[in-house]
Protein chains: 2
Amino acid sequence: MKTYLIGDIAKKMNVTTDTLRYYDKEGLLPFAKRDEAGRRIFTEDDLGYVEVINCLKKSAVPVKKIGQFIEWCMQGDQTLEQRYDFMVKREAALERQIKELETQLAFLRWKKWYYARAKAAKTESVNFKPGTQRSDPALYDHYQKLHPASNKFIE
Amino acid sequence: MKTYLIGDIAKKMNVTTDTLRYYDKEGLLPFAKRDEAGRRIFTEDDLGYVEVINCLKKSAVPVKKIGQFIEWCMQGDQTLEQRYDFMVKREAALERQIKELETQLAFLRWKKWYYARAKAAKTESVNFKPGTQRSDPALYDHYQKLHPASNKFIE
DNA sequence: TTACTACTTGGAGTTAACTCCAAGTCAAGG
DNA sequence: CCTTGACTTGGAGTTAACTCCAAGTAGTAA
């Protein structure tokens, strides 16, 4: 059966071998066996775990929590409930995070428009509320009319 | 004119006053003046900067980069180009990040479905490719037919 | 007036996630 | 057979972003 060394996995995950050894120390790779030379070997089966670790990492799940999940995987069928609950919680957390980022994106786009307008006038003051140094609320209203909320999901 | 102390801003941003003093040390709050007692005072005008800092923080922009942006703000109209470019880059980065998270969310949902199925059977082995310990590719195909890609944007 | 907060500074400590290094082992290619 | 490169361990160092003192001052409410 095809096996992989730590460097192969590093390439797949786009991390360094040092990072993988750190993950191993933290309990993320208990499934890795060793060959006669003491080198970590990964099987085709292990790639499934690697994929999960990668996904959780990219979803900003802390290493310790990933370790907990992998530990459950090692314990077999008695932890199916925990693993399901884990996925439910992560799904909810990620949905929240994406919504949060959508909000920030909308703000960034308003600021981009704001600076485009200031740049065209060669002065930020065209955006100010008369007699102040801060953005005119009427300008934001105007922006919102020009840019009705997009990025709505198809349900 | 209405002014604010550090604690007021902390409440608005939902951070501690220690965190705000750390931000000040890092150059994020150069607009803050001091009262006779040496306390930082924030004006209505400053709230605009606070809002931007908050947005960039939530978008995972490092403190140093936020500091650079605020510095440009302090330099006036000669940096409008940089500030516009900054917003363009941040918009693109955030769009990329959201797309990445959408991908991970899709994976998490598949795994949730996978564990729901395993849980119902009281054993993960119902999901395995016969003769192996890993997920049957045919199962994933099946899942994809049941769950056609949603979360597409309205353009 | 007295107590109670909220603020000030400087600086030390913490945590997560790497990142790097030294010294050594092993295997495959020429 | 020898070199080269990939691996091994243990452990130290780094970075970002806080987080937590201690010691002191200043404004507010009873």
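Numbered from 1 within each chain, the chains take letters A, B, ... in sequence-line order. The basis for the numbers below is simple: all heavy atoms, side chains too, and nothing from hydrogens, waters or symmetry mates. Please read all numbers here as calculations on a predicted model, not as lab measurements.
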Under-4.0 Å salt bridge between [X] and [Y]:
{"X": "B:Arg40", "Y": "B:Asp24", "value": "yes"}
{"X": "A:Lys112", "Y": "B:Glu91", "value": "yes"}
{"X": "B:Arg109", "Y": "A:Glu95", "value": "yes"}
{"X": "A:Glu124", "Y": "A:Lys119", "value": "no"}

In this structure, how many angstroms lie between the [atom2] atom of [N] and the [atom1] atom of [X], rounded?
{"X": "A:Ile53", "N": "C:dA17", "atom1": "CD1", "atom2": "C1'", "value": "15 Å"}
{"X": "A:Leu20", "N": "C:dA17", "atom1": "CG", "atom2": "C1'", "value": "13 Å"}
{"X": "A:Glu36", "N": "C:dC26", "atom1": "CD", "atom2": "P", "value": "11 Å"}
{"X": "B:Ile9", "N": "C:dT8", "atom1": "CD1", "atom2": "C1'", "value": "17 Å"}

Protein-to-nucleotide contact annotation, 5' to 3' order, nucleotides 1-16 of chain D [B base; S sugar-phosphate only; - none; under 4.0 Å, heavy atom]: ------SBB-B-----
A:Tyr140 and A:Trp110 aromatic ring geometry - parallel, tilted or perpendicular at 30°/60° bounds: perpendicular
Members besides A:Met1 in its Ile/Leu/Val/Met/Phe/Trp/Tyr cluster (side-chain heavy atoms under 4.5 Å): none
Below 4.0 Å: OP1/OP2 of D:dC18 and any side-chain N or O of B:Tyr23: yes
